[in-house]
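Residue numbers start from 1 in every chain, and the chains themselves are labelled A, B, ... in the order their sequence lines are given, proteins ahead of strands.
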Amino acid sequence: MKTRLASLLQQAISSLQANGWLPEELSVDVQIGHARDAAHGDFTCNVAMMLAKPAKKNPRQIAEAIIQHLPDDKNVSKVEIAGPGFINFFINPESQNTIINTILEQGSAFGTSNIANGKKVQVEFVSANPTGPLHVGHGRGAAYGATVSNLLSAIGYDVHREYYVNDAGRQMDILAASVWLRYLEQCGETITFPSNGYKGDYVLDIASDIKKQNGDAFKATTADVFNNIPADEPAGGDKEKHIDALINNAKTILGEDNYKHVFDTALNSILSDIREDLKGFGVNYDNWFSERSLMDNKAISTAIKKLKDSGHMYQKEGAWWFKSTTFGDEKDRVVIRDNGQTTYFASDIAYHLHTLDRGYDIVDIWGSDHHGYVPRVKAALQAMGADPSRLTVLLVQFAVLYKNGEKMQMSTRSGQFVTLRELRDEIGSDAARYFYVVRKAEQHMDFDLDLATSQSNENPLFYVQYAHARICSVLRLLKEKNISYSPNDGLVHVDKLAESHETSLIDALNRYPEKLTQAAQQYEPHQLTHYLRELAHLFHSYYNSHKFIIDDKELMQARLVLIISTKQVIHNGLNLLGVNAPESM
RNA sequence: GCGCUCGUAGCUCAGCUGGAUAGAGUGUCGGCUUCCGAAGCCGAAGGUCGUGGGUUCGACUCCCGCCGAGCGCACCA
């Protein structure tokens with residue numbers, strides 16, 4: 001309807017330009033908005049005010065002229081000028097009502113479109129280091145990423161969901177060392193656990209699994225393990241140097257194969273836990289992409305070669321640097337360390353290049369603490385001759401957690417965190433999924449665990465689900481009473497729906513496709529949750545003031561198709577959010 | 001110090017990319033069920049949109065300066 005009105009206005013303006021009343025060279029961007037107040041009609045346009053200055057005319061005069069040249073349209077019942085120069089459109093109720101027919105025809109596809117025309121896009125999200133279970137901080141990225149993927153898919157993108165697994169690098173070595181030390185403890189050794197090691201209970205579990213599987217095969221004495229190790233931080237030393245030395249000793253003592261065994265056991269154990277957790281959260285991936293695979297298939301070396309060939313690399317103090325400042329980054333970045341190892345950044349460049357080469361545009365969803373990372377990745381893509389605008393990075397703020405009124409620090413390292421799984425057990429995946437996306441992503445979010453768990457009934461999700469269940473309940477009663485329902489009868493008499501509750505509800509249904517499109521294009525699931533809340537509210541309000549099962553059969557059938565359409569839209573919306581639409585609660 | 005994100009009702013947050021009288025939830029107060037589910041509905045109170053300037057027909061929205069919060073500023077990932 002918006003585009004239709006816009007084209008009507010465009011025609012009017014063009015004819016005014018043709019007869020010289022308006023200057024020819026005017027560039028017009030006709031924007032149609034929804035009227036906030038019913039007294040202002042259904043749609044409103046401010047183009048007359050926008051034109052006032054360039055045309056050097058009074059906005060109300062312009063509006064008057066535009067209206068006179070507006071082509072007739074059967075959907076428009078009335079056009080008015082209001083306020084400083086708004087053009088307000090009143091839409092025929094009959095044309096609004098046809099949405100019910102559309103919804104019933106399209107069913108679960110209603111609202112979706114092919115705006116993106118099958119364009120390939122990869123959404124990469126969560127991608128937490130496999131050094132521990134997911135905590136509630138990761139949950140927000142998971143819910144947000146999954147929903148954004150669904151939204152993009154709904155407007156016609158070919159969406160590829162990917163989890164980038166950081167299975168290479170120092171953090172994983174620290175994990176492997178932590179597991180091995182716990183294992184040695186279980187073999188009877190007395191260990192002073194490094195302050196920089198992973199202290200969570202899951203490390204103990206992995207260690208005891210290894211003990212069960214392999215017995216004493218990886219055993220070593222404490223004296224050997226701590227031979228030639230610089231002091232840890234509590235003893236006045238450097239915790240980073242301490243743990244790095246421990247890792248080195250572990251590698252030497254265990255040998256390559258055994259070390260790899262411990263390493264891989266830890267990795268696989270945690271990764272499969274993460275997979276299961278996300279699956280239970282309704283978050284599914286098309287691919288789990290291994291960072292190590294980039295090294296194996298030379299993707300990293302080819303990316304680096306590309307950078308070198310482009311002339312944007314230089315050597316300094318034994319390391320290779322990428323001159324990212326050329327592309328607006330605040331400083332240059334190391335790609336190959338002086339010890340010959342490539343950095344995480346090198347992997348990431350290769351990963352992004354590889355993904356673009358696979359034909360995907362990229363949507364990365366990162367925690368906001370990585371925001372400083374964006375310019376250097378874009379810089380690298382540009383340096384390699386790729387179009388940096390093909391990469392969109394969406395930043396998700398961390399939720400600030402409160403428990404017992406106190407702020408909680410989440411740290412995988414210290415082992416102090418609330419896991420995503422615990423949250424799901426407490427409030428359920430549906431409530432958690434909804435709760436996470438009800439605020440926009442860049443908004444700092446206060447997450448009161450006590451509120452979320454003890455008063456779960458206050459979760460706004462239940463309000464929406466309840467509307468759906470209520471409609472199902474009406475339909476159940478209909479069946480019990482053996483009253484026949486005919487969609488065709490309803491559609492024939494849809495014009496009997498003239499109560500204000502009914503027209504508002506129909507108006508809301510009309511807005512759904514546009515709302516969905518906008519939420520997807522702007523990567524903003526919260527727009528959809530707010531819409532669903534409003535839709536549910538309009539329904540509850542309607543429900544409280546009118547009965548659906550009534551003696552007037554024609555009106556009853558009309559009301560039934562209306563509430564069934566409403567049920568369908570709620571269902572479609574919740575489905576995109578990864579949330580169930582229950583028949584009863 | 002520099003950069004990014006933010007500051008809207010007691011609390012948690014929207015505000016359709018510059019439009020008409022700034023809106024919801026929650027909390028507080030007052031009403032509504034012989035009738036399809038009261039996890040609901042209706043109403044009231046509650047605001048200097050952090051602050052001071054600027055841009056224009058018009059600013060919560062855009063620009064600049066302050067104040068405050070979170071996060072970044074590694075040869076970690």
Side-chain angles (χ1 to χ4, degrees), chain A residues 31 33-37 39-40 44-46 49-50 52-53 58-59 82-86 88 127-129 131 166 168-172 174 240 291 316-321 330-331 333-345 347-348 367-375 395-398 400 438-448 451 455-463 465-467 469-478 480-481 511 514-515 518-519 522 524 526-527 529-531 533-534 536-537 539-550 563 584-585:
Chain A
Q31 293 175 16
H34 288 281
R36 201 182 302 173
D37 190 332
H40 298 140
T44 179
C45 182
N46 62 0
M49 288 178 290
M50 308 268 289
K53 196 166 192 183
N58 180 314
F86 289 104
N88 292 336
S127 301
N129 285 348
T131 53
N166 296 122
R170 183 165 169 268
Q171 295 305 321
M172 288 305 297
I174 295 176
E240 306 290 350
E291 182 187 352
K316 193 181 87 182
E317 293 161 8
W320 277 94
W321 298 69
E330 50 189 31
K331 53 176 291 194
R333 310 291 172 177
V334 170
V335 176
I336 306 174
R337 294 194 279 244
D338 55 8
N339 65 6
Q341 285 192 329
T342 56
T343 59
Y344 170 82
F345 179 47
S347 301
D348 227 9
S368 61
D369 55 337
H370 284 69
H371 63 77
Y373 204 77
V374 179
L395 299 170
V396 179
Q397 282 288 346
F398 279 134
V400 182
V438 80
R439 306 298 178 216
K440 62 177 179 192
E442 62 269 37
Q443 179 66 247
H444 300 255
M445 184 169 76
D446 283 349
F447 195 137
D448 188 328
L451 197 74
Q455 302 185 357
S456 57
N457 278 0
E458 289 180 14
N459 194 300
L461 167 64
F462 294 115
Y463 184 82
Q465 288 184 322
Y466 182 44
R470 260 186 159 173
I471 296 168
C472 293
S473 175
V474 171
L475 300 178
R476 275 195 300 271
L477 186 77
L478 206 63
E480 278 171 31
K481 290 193 171 175
R511 292 198 318 261
E514 176 196 333
K515 194 47 113 177
Q518 196 173 315
Q522 302 179 354
E524 291 188 344
H526 77 275
Q527 291 196 35
T529 66
H530 284 273
Y531 169 84
R533 216 234 156 249
E534 188 194 347
H537 170 70
F539 170 75
H540 284 309
S541 194
Y542 180 33
Y543 180 95
N544 268 286
S545 52
H546 297 286
K547 289 188 60 111
F548 309 133
I549 301 177
I550 49 177
I563 66 169
S584 65
M585 301 182 64

So does A/S368 get a side-chain nitrogen or oxygen closer than 4.0 Å to the phosphate oxygens (OP1/OP2) of B/G72? no
Return the orientation label for the A/Y542 and A/F539 ring planes: parallel under 30°, perpendicular over 60°, tilted otherwise. perpendicular
Phosphate contact (B/G15 OP1 or OP2) by A/K440 side-chain N/O below 4.0 Å: yes
Is A/Y542 near enough to B/C42 that one of its side-chain N or O atoms lies under 4.0 angstrom from OP1 or OP2? no
Quick one about A/Q397 and A/S368 (side-chain donor to acceptor, distance below 3.5 Å, no hydrogens or angles considered), yes or no? yes
Non-neighbouring partners of A/S541 that pass side-chain contact (heavy atoms from CB on, under 4.5 Å), sequence neighbours left out: A/H501
Measure the distance between the ring centre of A/F86 and the centre of the six-membered base ring of B/A20, then answer whether it is under 5.5 Å with planes under 30°. yes
What residues form a side chain to side chain donor-acceptor pair (under 3.5 Å) with A/T44, not counting sequence neighbours? A/N88
Span that lies between the P atom of B/U56 and that of B/U26, in whole angstrom: 43 Å
Dot-bracket, RNA chain B: Watson-Crick or G-U, under 3.5 angstrom, [ ] crossing, | other strand? (((((((..((((.....[...)))).(((((.......))))).....(((((..]....))))))))))))....
Looking at A/H526, does any N or O in its side chain come under 4.0 Å of the phosphate oxygens OP1/OP2 on B/G15? yes
Rounded to whole Å, the CG-C1' distance (A/D369 to B/G70) equals 11 Å
